[in-house]
Amino acid sequence: MFQYSEKVMDHFMHPRNVGEIENADGEGTVGNPICGDLMTFYIKVKDGRLADIKFKTFGCGAAIAVSSIVTEMAIGKTLEEAMAITNKMVAAELGGLPKNKLHCSNLGADALHAAIEDYWKKQGKAPIQRKRRAK
Ligand code: FES
């Protein structure tokens, strides 16, 4: 039987940056149509960097751990650096996830990227051409 890593358990039991940012600069929601889980990210941007990130995840334990670690990976980064975070990097940062839970880690970077794209849209910036992210 697969054992979740200590890091997954830690971020599931004590998720960082849970909540909502009022008057967020950008907001992005993604969902998985199969399990029905939903993840929303809120961002605050200062001088081109992610000054704050909060999330609300209606989902499984792995999805909560993923959301939490993504906020830690991205806070303080430039928007471009945050856009370069891939789902694979998120799963690796958590010390791996079981195969049937990898779809949960796919939501994390996607929700963050959706919030950044929302910010750019609000700034009147055209969406950047993204390379297909590794799943
Ligand atoms: Fe759907 Fe984890 S079971 S996100």
Side-chain angles (χ1 to χ4, degrees):
M1 199 175 83
F2 186 91
Q3 285 277 321
Y4 283 111
S5 72
E6 263 180 42
K7 214 161 177 187
V8 172
M9 291 312 292
D10 179 34
H11 280 266
F12 168 56
M13 301 296 281
H14 311 284
R16 283 53 145 188
N17 303 305
V18 181
E20 202 176 319
I21 297 177
E22 265 189 58
N23 304 317
D25 295 325
E27 189 180 319
T29 298
V30 295
N32 183 297
I34 296 169
C35 65
D37 289 358
L38 279 177
M39 201 178 271
T40 302
F41 269 59
Y42 306 85
I43 58 168
K44 269 282 176 205
V45 180
K46 201 166 175 227
D47 301 328
R49 287 183 185 271
L50 289 164
D52 196 13
I53 309 174
K54 294 262 188 287
F55 76 89
K56 282 212 287 206
T57 292
F58 184 79
C60 70
I64 289 166
V66 160
S67 312
S68 172
I69 198 95
V70 167
T71 64
E72 284 202 335
M73 290 169 78
I75 287 177
K77 287 212 164 45
T78 66
L79 300 183
E80 289 72 18
E81 286 166 350
M83 287 301 280
I85 295 173
T86 65
N87 297 318
K88 262 195 179 146
M89 287 159 74
V90 175
E93 188 71 25
L94 281 171
L97 283 167
K99 248 200 182 120
N100 64 348
K101 284 283 168 188
L102 277 175
H103 79 270
C104 318
S105 68
N106 289 347
L107 294 177
D110 287 351
L112 173 69
H113 296 164
I116 294 172
E117 283 176 348
D118 179 53
Y119 167 75
W120 275 332
K121 212 166 95 195
K122 286 177 177 152
Q123 301 296 306
K125 197 172 157 185
I128 57 164
Q129 282 298 317
R130 279 192 281 154
K131 288 186 203 137
R132 267 191 81 74
R133 290 191 298 275
K135 294 282 178 188

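In listed order, ligands and their atoms are each counted from 1. Only this structure's heavy atoms are used, side chains among them; waters, hydrogens and symmetry mates stay out.
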In ligand 1, the atoms that come under 4.0 Å of a heavy atom of Ala63 are 4 (S)
Select one of side chain, backbone, both or neither to describe which atoms of Asp37 lie under 4.0 Å from any atom of ligand 1, heavy atoms only.
side chain
Check for me whether Met39 has a heavy atom closer than 4.0 Å to any atom of ligand 1.
no
Using the rule that two of Ile, Leu, Val, Met, Phe, Trp, Tyr join whenever any of their side-chain heavy atoms come within less than 4.5 Å, decide whether Met73 and Ile21 are in one cluster.
no
heavy-atom search around atom 1 (Fe) of ligand 1 in the protein gives Cys35 SG, 2.2 Å
Rounded distance [0.5 Å steps], CG in Asn17 versus OG in Ser67:
10.5 Å
Heavy-atom contacts with Cys60 under 4.0 Å: which atoms of ligand 1 show up? List them by number with element.
2 (Fe), 3 (S), 4 (S)
Do Leu102 and Ser105 make a side-chain contact, defined as non-hydrogen atoms from C-beta onward lying under 4.5 Å apart?
yes
Check ligand 1 against Cys104 and write out every atom of the ligand that is under 4.0 Å from a heavy-atom position of the residue.
2 (Fe), 3 (S), 4 (S)
When you group the ILVMFWY residues by side-chain heavy-atom contacts below 4.5 Å and let the links chain together, are Val30 and Leu112 in the same group?
yes
Can you tell me which N/O/S atom of His103 has the shortest distance to atom 1 (Fe) of ligand 1?
NE2
Are Val18 and Met13 co-members of a hydrophobic cluster defined by side-chain heavy atoms under 4.5 Å apart?
yes
Within the distance-only criterion (no hydrogens, no angle test), does the side chain of Thr57 pair as donor or acceptor with the backbone N or O of Ile64 below 3.5 angstrom?
no
